[in-house]
Number of protein chains: 2
Amino acid sequence: MKNEICTLNVNLAERSYPIYIGANLITNSELYRPHIHGQQVLIVTNTTVAPLYLESVMSALSAYQVETVILPDGEQFKTLSVWQQIIDSLLEYRFDRRCTVIGLGGGVVGDMAGFAAACYQRGVYFIQVPTTLLAQVDSSVGGKTGVNHPLGKNMIGAFYQPQCVIADIDTLQTLDNRQLSAGLAEVIKYGLIGDPEFFDWLERHVDGLMAREQGLLAYAIERSCSDKAAVVAADEREAGNRALLNLGHTFGHAIETGVGYGEWLHGEAVGTGICMAADLSRRLGWLDLGAQKRIEALIERAGLPTAPPSGLDADRFMELMSVDKKVLNNRVRLVLMRQLGYSVVTDEFESTMLEGTLREYGRAAS
Amino acid sequence: MKNEICTLNVNLAERSYPIYIGANLITNSELYRPHIHGQQVLIVTNTTVAPLYLESVMSALSAYQVETVILPDGEQFKTLSVWQQIIDSLLEYRFDRRCTVIGLGGGVVGDMAGFAAACYQRGVYFIQVPTTLLAQVDSSVGGKTGVNHPLGKNMIGAFYQPQCVIADIDTLQTLDNRQLSAGLAEVIKYGLIGDPEFFDWLERHVDGLMAREQGLLAYAIERSCSDKAAVVAADEREAGNRALLNLGHTFGHAIETGVGYGEWLHGEAVGTGICMAADLSRRLGWLDLGAQKRIEALIERAGLPTAPPSGLDADRFMELMSVDKKVLNNRVRLVLMRQLGYSVVTDEFESTMLEGTLREYGRAAS
């Protein structure tokens with residue numbers, strides 16, 4: 001695998017950009033060079049990633065004026081006030097509008113760095129260097145940036161495309177197991193949305209992925225990004241089918257908000273959310289019990305929880321889901337599975353069916 | 001003039017939108033209707049405008065769920081924390097992504113409401129109802145939204161286009177004289193950028209404009225928006241010639257930052273900034289003394305200051321100008337006049353010439 005770089009192009013007209021996938025990429029000056037336009041580079045990272053990779057990235061960028069912002073690590077810090085630290089730094093260093101912001105870290109770092117790049121002087125250059133599996137397969141494609149609000153996740157943000165994404169699979173070796181599993185939740189999601197062949201592949205290779213075999217990881221990232229890119233290219237601003245990417249997310253966001261950001265990892269919540277979506281799809285007669293069991297089994301083998309934490313009963317779930325962005329005109333729109341590997345966005349289901357799932361999975365505080 | 005509505009289209013491909021200019025428009029339900037897509041409308045206004053026009057606008061929108069946010073009035077409140085009040089309200093009212101944010105007021109309200117619309121759930125619908133001359137001729141076109149930062153004006157923001165702009169000239173009757181003059185600074189600017197014929201017209205009609213003759217106001221707004229739209233359509237994201245619109249602004253921003261936001265009106269600072277740009281253009285041999293005098297005379301007849309306040313000496317000016325967005329790679333880029341009615345963006349001038357202007361206009365605290 002060493003020295004093989006796979007380049008995947010995300011096609012969005014004048015906002016198209018490449019994703020580089022491979023080993024030993026973050027130290028490769030040549031990858032960054034065509035995407036940096038001025039002399040000024042701000043690397044945004046966090047306290048976990050900085051000791052591991054900041055120095056390597058800085059040495060690859062020694063030709064530029066490089067400044068850094070090191071944020072606290074965790075979804076609970078994905079707030080407007082922490083985000084402001086990035087803006088403050090850009091101003092304190094007097095960075096101009098040709099500067100480049102690099103997000104080095106997981107999804108939280110990428111979302112905040114990207115949103116800072118989107119808003120600083122109404123938009124400067126942005127490069128994403130995702131160091132978690134979740135960020136590599138999810139944030140790499142789609143241009144979603146933003147921060148959370150106490151009343152809802154990702155409620156403040158922008159669609160903003162990077163100049164390029166550098167997904168270095170070497171960085172996955174330092175990831176803890178929970179983070180690796182969280183990433184696999186999104187990988188499995190792509191199979192379920194519209195790529196049944198990939199779902200089959202994942203069933204065969206989930207153990208190898210958990211063992212961090214580089215060839216398998218590289219393939220899973222490439223296929224996930226490619227699947228996501230196809231959806232995003234058709235619907236950049238989430239007017240229609242892009243909502244498919246929210247499979248498991250409406251349930252998942254309710255879990256994250258309900259237990260407080262930072263308790264459950266996003267991917268863990270999505271893993272459980274996928275199980276809940278599968279349950280509702282089965283109740284609607286769209287998915288057979290066998291398929292539901294296969295999905296649950298794969299989620300479990302990927303080291304993910306298949307049920308929400310106690311403390312969220314059906315009523316609380318419903319309340320949390322109703323502030324989610326996927327609610328239009330007070331109807332809950334969900335991504336559900338018509339069959340294994342084929343999902344749809346729909347609000348055409350009896351609310352009693354949804355209540356059935358929420359009662360099945362929701363539990364009062366123990 | 002009554003009941004005549006002029007519609008000017010700003011052409012930006014899929015982000016094109018109409019500007020409606022005329023009398024008695026804000027109460028016209030039919031104007032809003034095609035541009036509101038959901039049921040939820042948030043009107044953002046301020047403590048000065050609310051008692052004058054909020055009720056009229058609300059009654060025109062009685063078919064919708066209308067909520068309001070009333071901000072304090074003034075440039076000093078164009079901050080991230082005041083902006084957050086808009087976001088908080090959107091979330092507290094549980095507005096979904098099909099909601100519409102209406103900015104009812106001057107440039108500050110429009111910039112903050114527009115930036116909230118740009119960021120809420122990564123972008124919701126936005127309608128601008130500018131009630132000052134400045135906002136009608138400036139913020140109506142171009143999609144610039146944002147807030148100030150203690151270290152620089154408009155440093156946080158987004159390019160975000162409205163669904164439509166409703167410029168009701170009746171609202172100019174309640175404007176105080178300083179505000180009217182501030183708007184005329186931008187009007188004069190359009191003449192100087194590239195419309196010498198309009199400059200001549202302004203010299204003939206400035207007294208009538210100061211007397212708020214409706215026909216003259218409507219014409220000046222239409223021509224200003226049309227001039228600006230032509231520049232913006234060619235360069236939506238300010239990569240090149242759009243910077244022409246900053247004539248007078250780099251000097252002006254330095255004045256605003258130097259005296260503290262809210263002391264001088266933006267348009268007043270731009271008025272003086274135009275005089276300073278004219279002075280530098282004359283020093284460079286581009287503008288003759290007669291033209292410089294005509295420009296100064298028109299600025300003065302429009303009720304605007306032609307010199308900065310005391311307390312800003314040449315050094316402080318230079319320091320303030322160097323954090324401005326128009327600085328690239330440490331060279332100051334300015335909009336200067338090659339001749340009356342024809343401006344260029346340039347950093348090709350001797351810095352001693354700029355120093356000459358700053359020494360001429362800068363004064364230590366008295």
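Chain A is the first sequence line, chain B the second, and so forth, proteins listed ahead of strands; every chain is numbered from 1. Side chains are part of it too, since the values below use all heavy atoms of this structure and drop only hydrogens, waters and symmetry mates.
The side chain to side chain contact (heavy atoms under 4.5 Å, CB included) search around A:Ser351 returns A:Glu355, not counting sequence neighbours. Partners of A:Phe77 according to the side chain to side chain contact (heavy atoms under 4.5 Å, CB included) rule, which considers only residues two or more places apart in sequence or in another chain, are A:Pro72, A:Val82.
When heavy atoms are compared at a cutoff of 4.5 Å, B:Glu92 approaches chain A by way of both its backbone and its side chain. With a 4.5 angstrom heavy-atom cutoff, B:Ser81 does not touch chain A via any of its atoms. Using a 4.5 Å cut-off between heavy atoms, B:Leu90 does not touch chain A at all.
Considering only heavy atoms from C-beta on, B:Phe251 comes within 4.5 Å of B:Met321 through its side chain.
For the residue pair B:His249 / B:Glu186, a side-chain donor-acceptor distance below 3.5 Å is found, with atom types taken as modelled.
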